Number of protein chains: 2
Amino acid sequence: MIEKLLLKLRARDTISAEEERALEDAVSEVREIPDNKTIVSPGEELAVSTLLLDGFLARYKDLRDGQRQITELHVPGDFADLHSFTLKRLDHNVGTLTPCKIALVPHERLERITEAFPHLTRLLWFSTNLDAAIHREWEVSLGRRSAFARVAHLFCELYHRLSIVGLTDGLSYDFALTQTDVSECLGLTAVHVNRTLRELRESDLLEFRGRKVVISNLAALQAAAEFDADYLYLDSRPR
Amino acid sequence: MIEKLLLKLRARDTISAEEERALEDAVSEVREIPDNKTIVSPGEELAVSTLLLDGFLARYKDLRDGQRQITELHVPGDFADLHSFTLKRLDHNVGTLTPCKIALVPHERLERITEAFPHLTRLLWFSTNLDAAIHREWEVSLGRRSAFARVAHLFCELYHRLSIVGLTDGLSYDFALTQTDVSECLGLTAVHVNRTLRELRESDLLEFRGRKVVISNLAALQAAAEFDADYLYLDSRPR
DNA sequence: CGTGCTCTTGACAGTAGTCAAGATGAGTGG
DNA sequence: CCACTCATCTTGACTACTGTCAAGAGCACG
């Protein structure tokens, strides 16, 4: 059940059989959630964290005028709100963008891991630091990249993140979000995302239609985005 | 020496005398660094983390065309690259914006803390999660806020962060960065930051001149920025 | 075969960027 | 003690990227 989490973590470090069992035992419950549902609201007291098994989740913040900014997308294998274990409540929403399957992990079981499994603890800590690295790269996109590079960058990131959990098929992947969802990741309007997707298509870099992304030319796409996968920490080493 | 770190952490949880000693003992060395020096470069293998004792540090990423995006500012008491403990190398630079005093903390001593002090480990983990929360709020600024609100928001954040480590004097604080530094935090040009600072001055919200920030009307400034301090997790509770 | 949601495109608007020049001010050397 | 220098700040004129508004097309679902 937690294979995708294990794929994600094992891409970064080795995990012993005992640690694997500890992770499996940490799950208390599995749930299916329809799309566009809020799972966690800001300020709520939290006693469980959410592991995403299937579908796409977003962390997002709402603004007074009704706009929202998505601060990170989550793909299967991601611990969407592991950080709530130390934060106790969140500063943002967590919600589904597609129908999702999630596993719940009670904080008390995580606490037991921190008492008994220092290395696994560091690996979970690493996982939240990886989320922070993704936040930083998004800050660069939002602050400095053109709309064209921003869109290209997002699809490069998703390609690599989905790839390590086995959810790509060559250079394409299923991606059932709307253009509005994408615009809320990128600090753009949906109209402008639409225009930019057309440009990417016309440049033979990428096609995103019918809930599917097809990358036509990964090297050129990454160059256009100034994408460097280093921030995803894809090397396996002791942590 | 680590009083500001203790002030910062004790604003969020209690720390025992034993834990305090473990933190003190983790420091191996103290250094003074001039301004505009790079302390950590991306990709470098790291075996120590940097605790900022005095001055302002920035985490930033360089772009091909020479622009840079600052992804977080660090104030005294911040563990500027504690995340390198699990990441082993960084995806960004860490550099001084003013002359700084820093303490070095070897990763092996942090590892010993994770083996022997689970609660302190969670508190350090919390500290990196707090950095991520700041990243998220910056994503919202960069993606959705107007220049006016962005500038206002940054100075609100700094006010609160400096306040808990005792570096504010009423509603003012020392802030020896340039307008260019500020523009690199906010995804704006220095010229536009300059114009926006004039607007803030003319609106009687804030003055930033001569290396000093004076907030004229905190409530109005926070309202203009749509600032909500929740993301700084200023409540003390078991973590 | 409607009904809505999403996608697409065009025309126009506005916020922030670019370029350029002069002012200010702190630190340096004669 | 007074130029001088260099970085930073300031302002104006113009540009452009992205947003806004609006309308129609496409498509999945009931």
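First the proteins, then the strands, lettered A, B, ... as listed; each starts at 1. On a predicted model such as this, the values are computed, not experimentally measured, just so you know.
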Aromatic ring proximity, centroids under 6.0 angstrom, B:H160 and B:F227: yes
Sorted by position of nearest nucleotide on DNA chain C, 5' first, the leading residue of A:R198 and B:Q67 is A:R198
Quick check on [N]: is either OP1 or OP2 less than 4.0 Å from any side-chain nitrogen or oxygen of [X]?
X      : N      : answer
A:R211 : D:dC27 : no
B:N194 : D:dT10 : yes
A:Q179 : C:dT8  : yes

Rounded to the nearest Å, what distance is computed from the [atom1] atom of residue [X] to the [atom2] atom of nucleotide [N]?
X      : N      : atom1 : atom2 : answer
B:E202 : D:dT11 : CD    : C1'   : 12 Å
A:F208 : C:dT8  : CZ    : C1'   : 14 Å
B:D65  : C:dT18 : CG    : C1'   : 14 Å
A:L197 : C:dT6  : CG    : P     : 15 Å
A:H192 : C:dC7  : NE2   : C1'   : 16 Å
A:L142 : D:dT18 : CG    : C1'   : 14 Å
B:D181 : D:dT8  : CG    : P     : 8 Å
B:N36  : D:dC6  : CG    : C1'   : 14 Å

Step through the shown structure and confirm whether more than 12 heavy atoms of other residues, nucleotides or ligands are within 6.0 Å of NZ on A:K101. no
Does [X] reach a base, just sugar-phosphate, or nothing at all? Heavy atoms under 4.0 Å.
X      : value
A:R195 : base
A:G210 : nothing
B:L188 : sugar-phosphate

Just by modelled atom types, is the A:L232 backbone N or O under 3.5 Å from a matching donor or acceptor in the A:R12 side chain?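 Checking the backbone N and O of A:L232 against the side chain of A:R12, a donor-acceptor pair under 3.5 Å is found.
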Considering only heavy side-chain atoms of B:A147, the closest of C:dT8, D:dT8, C:dA16 is C:dA16
Could you work out which one of C:dT8, D:dT8, D:dT10 sits closest to the side chain of B:T178?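 The answer is D:dT8, which lies nearest to the side chain.
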Let me spell it out: for each of A:F148 and A:V191, pick the nucleotide of DNA chain D with the closest heavy atom. Which residue's pick is nearer the 5' end?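 Counting from the 5' end, the first nearest nucleotide belongs to A:F148.
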Can you tell me how far apart CZ (B:R144) and CD (B:E226) are? Round to the nearest 0.5 Å.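 It comes to 12.5 Å.
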Which residue is it: A:T196, A:L186, A:V193? I am looking for the one with a side-chain contact (heavy atoms from CB on, under 4.5 Å) to A:R150.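 The single option meeting the side-chain contact (heavy atoms from CB on, under 4.5 Å) with A:R150 is A:L186.
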